[in-house]
Each structure stands twice: as C-alpha cells, then as structure tokens.
**Student:** 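I have a structure I would like to understand better, so I am pasting it below and will then ask my questions one at a time.
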Amino acid sequence: MKIVFATNNQHKLDEIRSILGEGFEVVSLNDIGCHEDIPETGKTLEENALQKAQYVYDHYHVSCFADDTGLEVDALNGAPGVYSARYAGGDGHDSEANMTKLLHELGNNNNRKARFRTVIALIEKKDICPCGCNSIKKVHQFEGIVNGVIIRERRGGEGFGYDPIFQPEGYDKTFAELGMDIKNTISHRARATQKLAEYLKTL
C-alpha cells in the first residue's frame with residue numbers, strides 16, 4: 001500500500017518506514033513534488049497534524065497522514081508541548097538550543113516527570129462520488145504516549161530532538177542511548193504508528 005507521509009524529515013521517515021514494515025510504501029513530500037512550507041498554526045498537536053494532512057489532501061488529492069509531537073513536562077505546566085520544535089525561538093528545530101533552554105527552565109527542580117506525545121492525522125481518500133466531486137474522505141486520529149523523566153545532562157549520540165535528555169519509564173538509558181531499534185518499539189511515535197498500521201491493514 002502506498003501512502004504519503006506529510007514530512008521531509010528523514011529521521012521521521014526512517015522511523016515510520018521501519019515501524020510500518022514492508023507492507024507499506026511510505027513516500028515523502030519531496031516524492032510527490034511538494035516543496036511548500038506547510039503551515040503549522042494550530043494551538044494543539046491535534047490541530048497541527050490535521051492541518052498538515054489537510055494541506056496535502058487539498059493540493060495533491062491523495063491519501064496521506066501527518067504527525068505532530070510534543071514533549072510535555074509536568075513542572076513546566078506541559079511546556080514546551082506544541083512548541084517543542086521551536087522552543088528556543090528562531091527558525092526552530094535547533095535541538096541543542098531547545099535542550100539547553102529546557103534544562104535551564106527546569107533548573108534544580110526535582111519533579112522531572114515528562115511525556116512525549118505524538119498525534120497522527122490520517123486523511124483517507126475515498127472513491128469519487130456519483131456527482132463527480134472528489135471531496136469524499138475519512139479523517140482518523142491516532143495517539144501515542146510514552147512517559148519518562150528529563151535527566152540533568154545529555155547522554156547518548158543516537159536519535160534526534162530531545163532524545164539525549166529523555167529517559168523513558170522502565171529504562172535506565174535515554175532514547176539517544178537505547179538506539180533506534182529499541183526506540184522504534186517503545187516510542188510515542190511507534191505507539192501512534194502501530195495504531196495507524198493496525199487501521200491501514202483493515203483496508
């Protein structure tokens with residue numbers, strides 16, 4: 001089955017392809033010729049994921065899914081949340097700056113509880129209706145959560161984003177130390193993607 005993943009982030013593509021397996025051909029935005037900067041103006045992960053998927057559906061008329069992920073830290077009232085990728089400001093996606101700011105904001109606070117949460121929005125294109133319109137679609141959302149703690153200094157060289165400072169519950173290593181094989185079985189994205197895969201296999 002061929003489906004568009006609304007991203008050009010190679011890390012995300014590799015994770016999703018690994019999790020979904022050989023039964024699915026996951027193509028990127030580049031693969032369908034989409035080079036636009038898709039807006040993410042939602043106030044929640046759910047809104048952002050749906051906004052990205054809707055953009056691809058409206059412009060390319062294909063079944064597609066998009067995700068948005070946030071790191072939610074208890075002591076920071078759920079921040080950085082939907083702003084995780086651009087927490088440190090600027091153009092965003094500066095992982096080192098984001099981690100530095102987060103560790104500074106937490107300081108010596110002993111409440112280090114946090115969770116990663118991923119929301120996937122799937123827009124499934126249906127057959128064209130008898131009147132000739134092509135607006136028939138189904139929208140689904142899938143959520144994955146992994147609980148853990150924010151450690152006090154970076155550890156590990158694999159992964160991306162906040163992985164070097166996030167230690168998942170039940171493990172004594174960070175995501176960046178566990179490696180992609182283990183991470184892809186327990187991560188927030190893995191859990192959301194597994195729900196997506198279970199649904200897609202019913203089609």
Side-chain angles (χ1 to χ4, degrees), residues 5-20 40 42-49 52 65-121 141-197:
F5 181 18
T7 188
N8 282 321
N9 183 312
Q10 194 60 48
H11 291 296
K12 287 186 177 184
L13 282 165
D14 290 343
E15 277 192 356
I16 290 285
R17 286 168 175 163
S18 174
I19 294 164
L20 283 179
E40 296 179 56
K43 302 289 187 188
T44 66
L45 301 178
E46 288 81 1
E47 288 176 3
N48 271 351
K52 288 185 283 187
F65 67 93
D67 78 320
D68 201 21
T69 294
L71 175 64
E72 300 171 345
V73 180
D74 279 11
L76 301 180
N77 297 315
V82 71
Y83 304 108
S84 293
R86 45 197 186 276
Y87 189 45
D91 293 331
H93 301 285
D94 185 338
S95 296
E96 288 300 320
N98 289 337
M99 285 189 286
T100 296
K101 179 176 180 179
L102 180 62
L103 291 173
H104 179 265
E105 293 289 332
L106 269 179
N108 292 320
N109 195 315
N110 289 323
N111 179 7
R112 316 293 289 190
K113 291 181 181 179
R115 67 177 187 169
F116 268 120
R117 190 164 69 93
T118 289
V119 175
I120 292 176
Q141 287 196 328
F142 310 92
E143 181 186 64
I145 294 172
V146 60
N147 293 307
V149 295
I150 303 298
I151 62 172
R152 296 178 186 273
E153 58 185 21
R154 297 162 175 79
R155 293 204 318 253
E158 294 195 45
F160 58 99
Y162 295 90
D163 285 356
I165 60 172
F166 182 83
Q167 182 175 301
E169 198 171 73
Y171 291 82
D172 60 3
K173 295 181 178 179
T174 67
F175 269 159
E177 292 175 300
L178 287 171
M180 296 305 291
D181 287 345
I182 295 177
K183 182 187 174 185
N184 283 349
T185 65
I186 65 171
S187 76
H188 43 294
R189 187 171 291 110
R191 291 171 179 176
T193 303
Q194 191 58 46
K195 293 176 183 178
L196 168 69

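These numbers were taken from a predicted model, which means no experiment stands behind them.
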**Student:** About how many Å separate OG1 of Thr118 and CZ of Arg189, when rounded to the nearest 0.5 Å?
**Tutor:** 5.0 Å

**Student:** Rounded at 0.5 Å granularity, tell me how far CG in Leu103 sits from CD in Glu153.
**Tutor:** 9.5 Å

**Student:** Locate the shortest heavy-atom distance separating Pro168 from Lys173; write the atom from each residue and the value.
**Tutor:** CD-O, 3.3 Å

**Student:** Taking the inter-plane angle between the rings of Phe166 and Phe175 on a 0 to 90° scale, is it parallel (under 30°), tilted (30 to 60°) or perpendicular (over 60°)?
**Tutor:** tilted

**Student:** Please round to the nearest 0.5 Å and tell me the distance separating atom OG1 of Thr174 and atom CD1 of Ile150.
**Tutor:** 10.5 Å

**Student:** Determine whether a donor-acceptor pair (N or O, by modelled atom type, separation under 3.5 Å) exists between the side chain of Asn98 and the backbone of Tyr87.
**Tutor:** yes

**Student:** Kindly indicate whether the side chain of Thr69, heavy atoms from C-beta on, has any atom under 4.5 Å from the side chain of Ser84.
**Tutor:** no

**Student:** Among residues at least two apart in sequence or on other chains, which ones pass side-chain contact (heavy atoms from CB on, under 4.5 Å) with Tyr83?
**Tutor:** Lys43, Arg86

**Student:** Should Asp67 and Ile120 be marked as a side chain to side chain contact (heavy atoms under 4.5 Å, CB included) after you check the CA-CA gap, both sets of side-chain angles, and the distance that decides it?
**Tutor:** CA-CA 4 Å; Asp67 78 320; Ile120 292 176; 3.9 Å; yes

**Student:** Measure from NZ or CZ of Lys183 to the centre of the six-membered ring of Phe160, then state whether that distance is under 6.0 Å and the direction lies within 45° of the axis.
**Tutor:** yes

**Student:** Hey, does Val119 have a side-chain heavy atom less than 4.5 Å from the side chain of Asp68?
**Tutor:** no

**Student:** Is there a donor-acceptor contact under 3.5 Å from the side chain of Asn184 to the main chain of Ile19?
**Tutor:** no

**Student:** State, with a plain yes or no, whether a side-chain heavy atom of Asn109 is found less than 4.5 Å away from one of Leu76.
**Tutor:** no

**Student:** Which heavy atom of Ala49 sits nearest to which heavy atom of Ala66, and what is that distance?
**Tutor:** O-CB, 3.4 Å

**Student:** Is there a side-chain contact between Arg115 and His188 (heavy atoms, below 4.5 Å)?
**Tutor:** no

**Student:** Could you walk me through whether Arg112 and Val73 pass the side chain to side chain contact (heavy atoms under 4.5 Å, CB included) check?
**Tutor:** CA-CA 7 Å; Arg112 316 293 289 190; Val73 180; over 6 Å; no

**Student:** Can you give me the closest heavy-atom contact between Ile182 and Thr185, atom names plus distance?
**Tutor:** O-OG1, 2.7 Å

**Student:** Check this for me: does any side-chain nitrogen of one of Arg117 and Glu46 sit under 4.0 Å from a carboxylate oxygen of the other?
**Tutor:** yes

**Student:** Which distance, rounded to the nearest 0.5 Å, do you find between the OG1 of Thr193 and the CG of Leu20?
**Tutor:** 6.0 Å

**Student:** Within the distance-only criterion (no hydrogens, no angle test), does the side chain of Asn77 pair as donor or acceptor with the backbone N or O of Ala79 below 3.5 angstrom?
**Tutor:** no

**Student:** Tell me, do Glu72 and Leu45 make a side-chain contact under 4.5 Å, heavy atoms counted?
**Tutor:** yes

**Student:** Rounded to the nearest 0.5 Å, how far does CD1 of Ile16 lie from OG1 of Thr7?
**Tutor:** 9.0 Å

**Student:** Go through the side-chain N and O atoms of Arg155 and Gln167 and say whether any donor and acceptor fall under 3.5 Å apart.
**Tutor:** yes

**Student:** Taking atom OG1 of Thr100 and atom CZ of Arg154, what is their separation to the nearest 0.5 Å?
**Tutor:** 4.0 Å

**Student:** Any side-chain to backbone donor/acceptor pair from Ser18 onto Asp14? Under 3.5 Å, distance only.
**Tutor:** no

**Student:** When you measure from the side chain of Lys52 to the backbone N and O of Glu40, does any donor-acceptor pair fall under 3.5 Å?
**Tutor:** no

